[in-house]
2 protein chains.
Amino acid sequence: MSAYLDARLGRIYDWMAREGTALAMFEDSEGHRDPSIRWLTGHPGDALLFLSVDRKAALVPWDNNMAALYAEADAIIPYGEFERQPMKALKGIARYLKLPRGSKVEISPETSYTSFLRYIEEVSDYDILCRSGGVHEEVRQMRCVKDEEEIRIYREAAAITNDLMDQIEARVRQEKFRTETDVALFIEVESRKRGCEGTGFETLAAGPGRSFGIHAFPAYTDAPFASQGLSILDFGLRYQGYTTDVTMTFAREPSKPQERLLNLTERAYKLALTLVGEGISTRAVSVAVDELFTKNRKIMPHALGHGIGLETHEGPYLRSRADNTGSLGAGMIFTLEPGLYDPVHGGCRLENDVLVTGGGVEVLTSSRIVRL
Amino acid sequence: MSAYLDARLGRIYDWMAREGTALAMFEDSEGHRDPSIRWLTGHPGDALLFLSVDRKAALVPWDNNMAALYAEADAIIPYGEFERQPMKALKGIARYLKLPRGSKVEISPETSYTSFLRYIEEVSDYDILCRSGGVHEEVRQMRCVKDEEEIRIYREAAAITNDLMDQIEARVRQEKFRTETDVALFIEVESRKRGCEGTGFETLAAGPGRSFGIHAFPAYTDAPFASQGLSILDFGLRYQGYTTDVTMTFAREPSKPQERLLNLTERAYKLALTLVGEGISTRAVSVAVDELFTKNRKIMPHALGHGIGLETHEGPYLRSRADNTGSLGAGMIFTLEPGLYDPVHGGCRLENDVLVTGGGVEVLTSSRIVRL
């Protein structure tokens, strides 16, 4: 088994032993994505994963051919053997592992209340735990701090992202893109040519007629891109499972009110960058940026940033909400993405990906506001 | 308000009055998608929707500019007024509607057990219901049966999908596509040119080297497409919110074992088509197809089909699982998609979209296995 998977599993087994969890069940399915399974086994999706306190990992994949290619686990058992039903799989695996009656079995804290009631009823031999602060959240916490392998992957992913942004800027300057679709599909093609799995999320390309939307709908259209006014391009590349997330704004002959939005967004970005670092409260940074906007009689209608990784949005969360008590730690990779959106003048956002290092931060990506 | 939105809301208000639900809360957010909000208001995403038994709909959108363009509701209140927190929004809306203490308030049955405990604690003035068989499931049931407006949309969506399939087959025959990426991006470009919002899900294009996977990973790559052997193309177009879902298989100079997979898949498809119709058990059809495969010593590693609509996968579900007790009704639109996957010979799948009519069924799309 790859050493880095082994190390991740080891830390979870240790946690389970300390906390008395005999078996942990992870589920990745439509409507219930959990890339922790990929993080722990390499299997890219649609599977159950069972971890037992005696340090065994059993993967139950939907697609066996796929698992044979990608997955590492102590046992791989086709989902079909359990009629592709999570509760049947849980019972089957517990039998297979000879799990003593009454053992503590953790299921995802995202399990719906209605499903939880069924687990309690149908898997009555075990003590089913569905809780905050359990093994699933522990794994998510671990995933916030990237290990050496992940940082290596991110440096490569960022280099490809930066290269693409340079190519895009050059083509915009040469007026080679006419529509939002042109630029979005350029990213689809070029990312794959450069070894990416694809994009991390649907590229948002919004020309001046649509950039007032935080997340343009539809994501891209045949409308003009980078024509007079403000255009937003928000994209990420998925590389070895991990996604980057950047936003460029293209401003062609901006009006005075547009220039004011751009300058304020750039000031907010720079302010955020001076504040972030190891041990810093994510709320404090977010509040500082919100205050800069408020002082200038503007409101940013979304959070300042979020962690990235196997998910496009994961911890840490840079939010000014009162219930945000987190802080930044070395190895975390997150976005900074201040933005302003005006129904008349259009919107702008500047977003880059930042790695917290022991000594400070390293900005991995090189997005910018491009004035044309 | 558009007449069809009005009619949908009216049926839900009637249900709420009958069942004693004073307020129903719907949530569409990352990790918790619920297109019922679009179905009821036209708003395409990221919002809360509150329906009260006194027949008022209050939308709480994340993006106000977007709501101004798309949404119809009695009240539209920015999410920012509630710090973008669902529980705060629920409390605020209940106050705004002067909801009597102790009223029954339904939240999604998908609400996690851990969140449900927080609702109970924080919104203690009301009787919070999180249950199977409640208003959310009622809406999902209603959505399974498409109304006239939705059938009109589907006919248009299917016509575009069919046109694209013809274009794709012609280009494959002319050997104009070299790689999986070529064909996938052709769909991205041409769907948008024809007025689609985009694709309904990530196009799966798997050439002969990768078609053994049920859902190829990555979705498409620079590998050859429609070269010697079996290639699968699974795509859907999103048109006015609704997605089609078809799979073509391209077989170039198939070997005997490959021809056997193709023939058996076609037989299974034809068998399914003769069996489906109003009042028919979805399990019975699925079991019949599974039995055909079993008799021929093959196993289909997935379900026979699923409903389509604002979600790519919704009811009805055509599954042979013992707990599937549903049946087909007029107005339902679903896929039939038998497939076989062999790690050596590759995979094939044939998938079309079918509308149940009063008199029988109408196959909306025209996918086929293409022999080259």
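Proteins come first, then strands; the chains are lettered A, B, ... in the order of their sequence lines, and each starts at number 1. These numbers come from a predicted model, not from an experiment.
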> Can you tell me how far OH of A/Tyr113 sits from CD1 of B/Ile120, rounded to the nearest 0.5 angstrom?
Replying inline: 7.0 Å

> Heavy-atom distance under 4.5 Å to chain B: side chain of A/Glu311, backbone, both or neither?
Replying inline: neither

>> Quick check on B/Thr181 against chain A: is it the side chain, the backbone, both or neither that has a heavy atom closer than 4.5 Å?
In response: side chain

> Relative to chain B, which of A/Glu197, A/His32, A/Arg210 shows the most heavy atom pairs under 4.5 Å?
Replying inline: A/Glu197

> Hey, are the side chains of B/Leu69 and A/Phe212 touching, using non-hydrogen atoms and a 4.5 Å cut-off?
Replying inline: yes

>> What part of B/Asp323 gets within 4.5 angstrom of chain A, counting heavy atoms only: side chain, backbone, both, or neither?
In response: side chain

> Any luck finding a side-chain donor-acceptor pair between B/Glu188 and A/Tyr220 under 3.5 Å?
Replying inline: yes

> Do A/Asp63 and B/His215 touch side chain to side chain, with heavy atoms closer than 4.5 Å?
Replying inline: no

> Side chain, backbone, both or neither: which part of B/Ile299 has a heavy atom under 4.5 Å from chain A?
Replying inline: neither

> So which part of B/Ala68 gets closer than 4.5 Å to some heavy atom of chain A, the side chain, the backbone, both or neither?
Replying inline: neither

> Among A/Gly347, A/Ala303, A/Pro301, which residue forms the greatest number of heavy-atom pairs with chain B at distances under 4.5 Å?
Replying inline: A/Pro301

>> What's the separation between atom CD1 in B/Ile214 and atom CG in A/Asp46, rounded to the nearest 0.5 Å?
In response: 8.5 Å

>> So which residue, B/Ser112, B/Gly31, B/Ala219, B/Cys130, ends up with the most heavy-atom pairs under 4.5 Å with chain A?
In response: B/Ser112

> Can you find a pair of side-chain heavy atoms, one from A/Arg192 and one from B/Thr221, that are under 4.5 Å apart?
Replying inline: no

> CG/B/Leu117 to CZ/A/Phe116 distance, rounded to the nearest 0.5 angstrom?
Replying inline: 8.5 Å

> Between A/Lys193, A/Arg84, A/Arg238, A/Arg131, which shows the greatest number of heavy-atom pairs under 4.5 Å with chain B?
Replying inline: A/Arg84

>> Need one label for B/Asp222: side chain, backbone, both or neither, based on atoms under 4.5 Å from any heavy atom in chain A.
In response: side chain

> With distance as the sole test, does A/Thr114 use its side chain to make a donor-acceptor pair with the main-chain N or O of B/Pro109 at under 3.5 Å?
Replying inline: yes

>> Between A/Tyr70 and B/Phe217 (judged by ring centroids, cut-off 6.0 Å), do the two rings come close enough to count as a pair?
In response: yes

>> Quick check for you: among A/His313, A/Arg33, A/Glu110, A/Arg319, which has the greatest number of heavy-atom pairs under 4.5 Å with chain B?
In response: A/His313

>> Does any backbone or side-chain atom of B/Glu202 lie under 4.5 Å from a heavy atom of chain A? Answer side chain, backbone, both or neither.
In response: side chain

> Using a cut-off of under 4.5 Å for heavy-atom pairs, which of A/Pro44, A/Ser115, A/Gly45 has the most such pairs with chain B?
Replying inline: A/Pro44

>> Are B/Trp62 and A/His302 packed together at the side-chain level, in the sense that at least one heavy-atom pair is separated by less than 4.5 angstrom?
In response: yes

